[in-house]
Amino acid sequence: MKPKLRTDDWIEKIYALVRQIPRGKVCTYGILAEHAGTRLTARMVGWAMNAAHHIQPPIPAHRVVNRNGLLTGKHHFGSPTLMQELLEAEGFIIKDDQILDFKKYVWQP
DNA sequence: TCACTGACCGTGG
DNA sequence: ACCACGGCCAGTG
């Protein structure tokens with residue numbers, strides 16, 4: 001009997017991982033997806049983040065960026081600059097919606 | 001009910 | 001080095 005391999009299962013992993021991201025670090029959709037089970041579901045990670053907006057506790061989705069270090073989801077934060085503001089508040093340097101030296105701040109579980 | 005899209009990533013030509 | 005395509009899951013029209 002396989003456990004219910006459903007959304008709730010891996011989606012919680014995603015949330016847990018994102019909440020484990022220390023301040024001053026960032027993570028990518030690919031890494032989260034990979035640690036959540038499948039690395040090919042990076043797209044769903046974004047969907048999970050979207051759902052994370054109305055759940056508790058709040059998810060620091062601003063620390064989750066794409067492989068390019070680009071703030072792809074900034075437009076989904078309610079304010080197009082909210083994500084950048086949050087990241088800058090943590091010491092990141094954002095240029096053209098992109099984190100400078102992003103590779104140096106990548107956090108891996 | 002069927003089909004398409006989505007805060008992506010990796011590989012191929 | 002650049003462009004194009006496929007793949008995964010779930011939600012919505």
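Every chain is numbered from 1 and lettered A, B, ... according to where its sequence line falls, protein lines coming before strand lines.
- When the P atom is used for both C/dC5 and B/dC4, the distance is 16 Å, rounded to whole Å.
- Atom NE2 of A/His75 has 12 or fewer heavy atoms from other residues, nucleotides or ligands within 6.0 Å.
- Side-chain proximity of A/Ala42 to B/dC8, B/dA7, C/dC8: nearest is B/dC8.
- As rounded to whole Å, 13 Å separates atom C1' of C/dA10 from atom CD1 of A/Ile14.
- With rounding to whole Å, A/Met44 atom CE is found 13 Å from B/dT5 atom C1'.
- Residues from residues 87-109 of chain A placing a heavy atom under 4.0 Å of any atom in DNA chain B do not occur.
- Using a 4.0 Å cut-off between charged side-chain N and carboxylate O, A/Glu90 and A/Lys25 make no salt bridge.
- Here B/dC4 presents its P atom at 13 Å from CZ of A/Arg43, a figure rounded to the nearest Å.
- Contacts of residues 62-86 of chain A with DNA chain B (heavy atom under 4.0 Å): A/Asn66, A/Arg67, A/Thr72, A/Gly73, A/His76, A/Phe77.
- We find that OH of A/Tyr29 is positioned 14 Å from P of B/dG6, with the value rounded to whole Å.
- Here the separation of B/dA7 from C/dC3, taken at their C1' atoms, is 23 Å to the nearest Å.
- Around the CD1 atom of A/Ile93, the shell of radius 6.0 Å holds no more than 12 heavy atoms that belong to other residues, nucleotides or ligands.
- C/dC9 atom P lies 18 Å from atom CG of A/Leu32, rounded to whole Å.
- Annotation for A/Ala61 and A/Met83: closest pair O-CE, 3.8 Å, computed over non-hydrogen atoms.
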